[in-house]
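For reference, the structure discussed in these notes is given below.
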Amino acid sequence: MSTEDRAHLSEMIWQVVATIPHGRVASYGQIARLCGFPRHARYVGATLKQLPEDSELPWHRVINAKGEVAFRADSEQRRRQIERLRAEGIAVSDGRVSLPEFGWQP
DNA sequence: TGTATGACCCCAA
DNA sequence: GTTGGGGCCATAC
């Protein structure tokens, strides 16, 4: 993976995440695949982690392949993500979301 | 160069 | 439903 690829990939990640419809969720691996870089799920997480606090990007709609919020159980960020998901009508129970119900099919 | 660390993923049991 | 183990790959040191 070249440095050009990385810059391009980061930009594509932002674009794809911005595409996730209101009320839907997508997984890290799904984002990576849509960008044309399978097996780079961890990179997606690392990229989202660098987003500024006031970012307009709907980063909260990105969760892991099991439908769970990826933050540690005790973390403040986890609480915030769950709050934002519920705010747009997504049911979250015990940090989990039903993918058949809320998963995004592009 | 080598090792450790993640907002990860998959599958078998 | 859970758990464990292997795989994955950019980053930080």
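Values reported hereafter were calculated over all heavy atoms of this structure, with side chains retained and with hydrogens, waters and symmetry mates removed. Treat the numbers as computed from the prediction; the structure is a model and nothing was measured. Every chain is numbered from 1 and lettered A, B, ... according to where its sequence line falls, protein lines coming before strand lines.
For A/Ala18 against A/Leu57, the heavy-atom pair with the smallest separation is CB-CD1, 3.9 Å.
Counting heavy atoms from C-beta on, the side chains of A/Ile13 and A/Phe37 never come closer than 4.5 Å.
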### Task
Apply side-chain hydrogen bond (donor to acceptor under 3.5 Å, both in side chains) to A/His60 and A/Glu88, showing your working.
CA-CA 11 Å; A/His60 56 281; A/Glu88 53 184 66; 3.0 Å; yes

### Query
Taking it one step at a time, do A/Arg80 and A/Glu53 satisfy salt bridge (Lys or Arg N to Asp or Glu O under 4.0 Å)?
CA-CA 12 Å; A/Arg80 236 178 297 157; A/Glu53 195 68 29; 2.5 Å; yes

### Message
One pair to check against side-chain contact (heavy atoms from CB on, under 4.5 Å): A/Val62 and A/Val25. What are the steps and the verdict?
### Response
CA-CA 6 Å; A/Val62 185; A/Val25 296; over 6 Å; no

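Separating the NE2 atom in A/His40 from the CD1 atom in A/Ile31 is a distance of 15.0 Å, to the nearest 0.5 Å.
Rounded to a whole angstrom, the distance from the C1' atom of C/dC8 to that of B/dG6 is 12 Å. One P atom belongs to B/dA7, the other to C/dG7, and the distance between them is 22 Å to the nearest Å.
The interatomic distance linking A/Glu68 (CD) with C/dT3 (P) rounds to 11 Å, in whole Å.
Residue contacts shown for A/Arg6 are limited to sugar-phosphate atoms, with no base heavy atom under 4.0 Å away.
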### Task
Report, as a single string ordered 5' to 3', how protein heavy atoms within less than 4.0 Å touch nucleotides 6-13 of chain B: B base, S sugar-phosphate only, - not at all.
BBBSS---

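Comparing A/Arg39 and A/Arg96, the nucleotide of DNA chain C nearest to each residue sits closer to the 5' end for A/Arg96.
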